[in-house]
Amino acid sequence: MQDMIKRIVEADNEAKALEEANKKAAEKEKQKIEREVEEIHQKYMDEAQAEIAKNDEYLSKRYSRKLKDATAKQESALIKLRSDFEQNRDRWVDEIVSRVIG
């Protein structure tokens, strides 16, 4: 009888040890999966940041060129307006005066 109780206790202890080992293995596997998830997440975030930086650079250059083009057009228009003013100033003044005076 003592031998039987001893074997039951030993079997119970082995079962508890096996259960503890399984819990540790499961926890270790869970941590491994969490690390892998974090690594994958970080990889995709890094790739996304690189793509964003590339797009920012492209858009910055593109809009810089557009700004230069617009500025050049404005300068050209300003030069033309000044030229028109210089050429027609006296005629416009005369015309305004004659319309006001009658």
Side-chain angles (χ1 to χ4, degrees):
M1 185 67 153
Q2 288 291 338
D3 193 37
M4 185 84 115
I5 294 174
K6 185 178 178 181
R7 278 196 249 161
I8 291 172
V9 170
E10 286 175 2
D12 186 51
N13 288 339
E14 287 177 15
K16 286 179 183 177
L18 183 59
E19 181 183 9
E20 188 63 31
N22 284 339
K23 283 182 182 179
K24 286 181 181 179
E27 183 62 30
K28 189 176 181 180
E29 196 62 30
K30 180 182 173 187
Q31 290 174 351
K32 178 182 172 189
I33 290 170
E34 288 174 354
R35 279 193 308 272
E36 288 175 358
V37 166
E38 182 59 33
E39 287 172 5
I40 290 168
H41 178 263
Q42 190 60 47
K43 174 187 169 196
Y44 282 108
M45 290 302 291
D46 291 345
E47 288 175 1
Q49 289 296 329
E51 188 68 22
I52 289 169
K54 187 174 99 175
N55 287 341
D56 282 349
E57 182 179 346
Y58 167 76
L59 291 174
S60 177
K61 287 179 181 177
R62 180 177 172 194
Y63 289 113
S64 176
R65 283 192 303 265
K66 284 189 174 193
L67 179 61
K68 285 181 183 178
D69 290 346
T71 302
K73 286 179 183 178
Q74 287 177 342
E75 287 293 324
S76 176
L78 182 61
I79 290 169
K80 184 183 179 325
L81 287 172
R82 284 185 176 155
S83 173
D84 287 349
F85 174 75
E86 291 299 324
Q87 290 176 358
N88 298 310
R89 172 178 44 192
D90 293 335
R91 186 174 54 88
W92 291 341
V93 168
D94 292 342
E95 190 174 315
I96 291 170
V97 169
S98 70
R99 285 185 183 185
V100 170
I101 294 177

*Any donor-acceptor N/O pair, S83 side chain to I79 backbone, under 3.5 Å*: no
_I'd like to know if the side chain of D12 and the backbone of I8 have a donor-acceptor N/O pair within less than 3.5 Å._
no
*asked:* Return the CD1 to CD1 distance between I101 and I96, rounded to the nearest 0.5 Å.
replied: 12.0 Å
*Can you tell if the side chain of K23 reaches within under 4.5 Å of the side chain of E27, non-hydrogen atoms only?*
no
*With respect to E47, which candidate in K43, E51, Q49 satisfies the side-chain contact (heavy atoms from CB on, under 4.5 Å) definition?*
K43
*If you measure from CD on E10 to CG on D3, what distance do you get to the nearest 0.5 Å?*
8.5 Å
*asked:* So that I can tick it off, tell me whether K73 and D69 are bridged by a salt bridge, with the cut-off set at under 4.0 angstrom between side-chain N and carboxylate O.
replied: no
*asked:* Using a strict threshold of under 4.0 Å (side-chain N to carboxylate O), is an ion pair present between E95 and R99?
replied: yes
*Calculate, to the nearest 0.5 Å, the distance between atoms CG and CH2 belonging to D84 and W92 respectively.*
5.5 Å
*Assess whether side chain to side chain contact (heavy atoms under 4.5 Å, CB included) is satisfied between K6 and Q2, documenting all intermediate values.*
CA-CA 6 Å; K6 185 178 178 181; Q2 288 291 338; over 6 Å; no
*Mark yes when over 12 heavy atoms from residues, nucleotides or ligands other than R82 sit less than 6.0 Å from its CZ; otherwise mark no.*
no
*Would you please test K68 and R65 for side chain to side chain contact (heavy atoms under 4.5 Å, CB included) and show each step?*
CA-CA 5 Å; K68 285 181 183 178; R65 283 192 303 265; 5.6 Å; no
*Check the pair E20, K24 against side chain to side chain contact (heavy atoms under 4.5 Å, CB included), reporting the backbone distance first and the verdict last.*
CA-CA 6 Å; E20 188 63 31; K24 286 181 181 179; 3.7 Å; yes
*When rounded to the nearest 0.5 angstrom, what is the spacing between CG in D94 and CZ in R91?*
9.5 Å
*Find the distance between NE2 (H41) and CG (D46) and round it off to the nearest 0.5 Å.*
10.0 Å
*asked:* Would you compute the distance between atom CD1 of I33 and atom NZ of K30 and round it to the nearest 0.5 angstrom?
replied: 10.0 Å
